[in-house]
Amino acid sequence: MLPKLLTILLAFPRSLWFNLQYLPFSQAVKMPVWLAPNARVKKMYRGGISLRNPRFNGCHIGFHIADAIDCYGTHTIICVEKGGKWIVDSDLHIGRGAIIHVKPSGTLSVGNNFAISGTTSIICSDNITIGNDVQFSWNTLVMDSDAHSIYDENGELINPAAPISIGNKVWIAANNTILKKSSIPDNCVIAGNSLVNRPITIPNQIIAGTPARPLKKISSWKV
């Protein structure tokens with residue numbers, strides 16, 4: 001594992017390139033986005049990422065290493081296909097091994113203080129909205145489509161993509177799956193190994209199970 005100073009020095013050229021290549025110049029000169037040496041940019045286009053509040057060193061991609069992550073063999077992958085939109089507030093942390101993939105018709109919007117510790121994948125084909133102060137642990141899948149189309153006997157599509165909504169101050173623990181049509185209200189904790197595949201409307205809860213449901217009322221949570 002590289003020392004911190006060396007990691008920063010190695011990150012500077014690619015970070016500078018990313019900002020100048022994909023952001024308006026007025027934002028790029030602030031150097032808001034920093035890419036770790038392990039980070040890979042795939043199918044990105046200018047305008048694919050939009051920053052609401054750009055500030056120096058506000059967005060970190062690929063730096064954070066969680067305890068359960070192979071810090072030597074994993075890459076962080078950012079892919080925003082032509083036509084897709086990734087809308088980002090400030091204080092973004094995408095950990096080692098995470099994947100962000102926005103398809104051509106997708107819009108992924110994330111709020112302030114958004115963090116993924118590693119090996120979580122967010123695949124957006126339609127619309128995924130994530131509020132402020134949302135934290136993901138490792139090895140979670142968020143996907144608003146089924147990836148493949150299914151048609152009935154009359155040739156009609158029966159499994160279209162559908163939005164996902166995650167509120168403010170939500171902690172999503174390890175090994176979870178969040179699928180299309182899901183919504184998670186404010187101030188909730190999604191327990192490990194849960195499946196969220198429907199709207200949940202009660203805030204301030206520990207949510208768990210397959211499928212997930214509210215289990216216990218809480219006042220708050222912190223890292």
Side-chain angles (χ1 to χ4, degrees), residues 22 40-52 61 75-89 92 94 97-111 114 116 118-132 134-168 170-186 188 190-203 205 207-214:
Y22 299 118
R40 301 290 183 267
V41 179
K42 176 185 176 184
K43 292 185 179 178
M44 194 74 169
Y45 74 99
R46 188 173 182 84
I49 180 171
S50 175
L51 303 184
R52 295 189 188 99
I61 298 175
H75 296 287
T76 306
I77 299 174
I78 303 298
C79 177
V80 182
E81 298 187 48
K82 185 72 172 179
K85 293 289 184 182
W86 185 23
I87 303 170
V88 176
D89 213 311
L92 174 91
I94 305 295
I99 297 174
I100 301 291
H101 190 158
V102 183
K103 299 294 185 69
S105 58
T107 299
L108 170 62
S109 176
V110 299
F114 174 74
I116 298 174
T119 61
T120 278
S121 298
I122 300 179
I123 314 298
C124 178
S125 298
D126 180 47
N127 189 283
I128 299 175
T129 303
I130 300 172
N132 299 322
V134 174
Q135 309 277 310
F136 280 85
S137 188
W138 52 80
N139 201 34
T140 283
L141 172 65
V142 182
M143 191 166 69
D144 63 356
S145 76
D146 297 332
H148 300 283
S149 299
I150 302 174
Y151 301 89
D152 65 15
E153 58 187 4
N154 297 315
E156 298 291 331
L157 180 67
I158 62 174
N159 67 329
I164 293 172
S165 175
I166 299 174
N168 299 314
V170 174
W171 172 24
I172 298 171
N175 301 310
N176 282 308
T177 302
I178 301 173
L179 299 180
K180 65 183 186 180
K181 299 182 181 179
S182 298
S183 63
I184 300 170
D186 295 346
C188 285
I190 309 298
N193 295 293
S194 296
L195 168 66
V196 184
N197 62 355
R198 61 187 177 87
I200 296 171
T201 59
I202 305 172
Q205 298 284 330
I207 297 167
T210 304
R213 60 186 179 87

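Only a predicted model underlies this, so the values are computations on that prediction, with no experimental measurement involved.
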S.K.: When you compare the side chain of P211 with that of V196, does any pair of heavy atoms fall below 4.5 Å?
M.R.: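 Side chain of V196 against side chain of P211, heavy atoms only: no contact under 4.5 Å found.
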S.K.: Quick check for you: to the nearest 0.5 Å, what is the distance between I49 atom CD1 and L92 atom CG?
M.R.: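 It comes to 7.5 Å.
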S.K.: Quick one: are R213 and Q205 in side-chain contact, heavy atoms under 4.5 Å?
M.R.: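 They are not in contact (no side-chain heavy atoms under 4.5 Å apart), so the answer is no.
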S.K.: Taking NZ, NE, NH1 and NH2 as the nitrogens, is one of them in D126 or K180 under 4.0 Å from a carboxylate oxygen of the other?
M.R.: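 Result for this pair is no, no salt bridge flagged.
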S.K.: I need the single residue from I122, I128, V80 that forms a side-chain contact (heavy atoms from CB on, under 4.5 Å) with V102. Which is it?
M.R.: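 Of I122, I128, V80, side-chain contact (heavy atoms from CB on, under 4.5 Å) with V102 is met by V80 alone.
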S.K.: Does atom CZ of R40 have more than 12 heavy-atom neighbours, drawn from other residues, nucleotides or ligands, at distances under 6.0 Å?
M.R.: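 Count over threshold, so yes.
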S.K.: Would you say the side-chain atoms of R52 and S109 include a donor-acceptor pair closer than 3.5 Å?
M.R.: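 Judged by distance alone, the side chains do pair up.
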S.K.: Does any part of the side chain of E81, heavy atoms only, come nearer than 4.5 Å to the side chain of P104, both counted from C-beta?
M.R.: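 In short, these two side chains touch, coming nearer than 4.5 Å.
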S.K.: Between S125 and K103, is there a donor-acceptor pair closer than 3.5 Å when you use the side chain of the first and the backbone of the second?
M.R.: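 Flag not set: sc S125 to bb K103 has no pair under 3.5 Å.
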S.K.: Show the numbers, then the answer: is there a side-chain contact (heavy atoms from CB on, under 4.5 Å) between I130 and F114?
M.R.: CA-CA 8 Å; I130 300 172; F114 174 74; 3.9 Å; yes
S.K.: Using every non-hydrogen atom in the two residues, find where A173 and S137 come nearest and quote the distance to one decimal.
M.R.: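 Closest heavy-atom pair between A173 and S137: C-CB, 3.5 Å.
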S.K.: For I116 and A98, work out which heavy atoms get closest and say how close.
M.R.: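 Smallest interatomic distance, heavy atoms only, reads CG2-CB, 3.9 Å.
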S.K.: Is any side-chain heavy atom of N176 closer than 4.5 Å to a side-chain heavy atom of F136?
M.R.: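 N176 vs F136: side chains apart.
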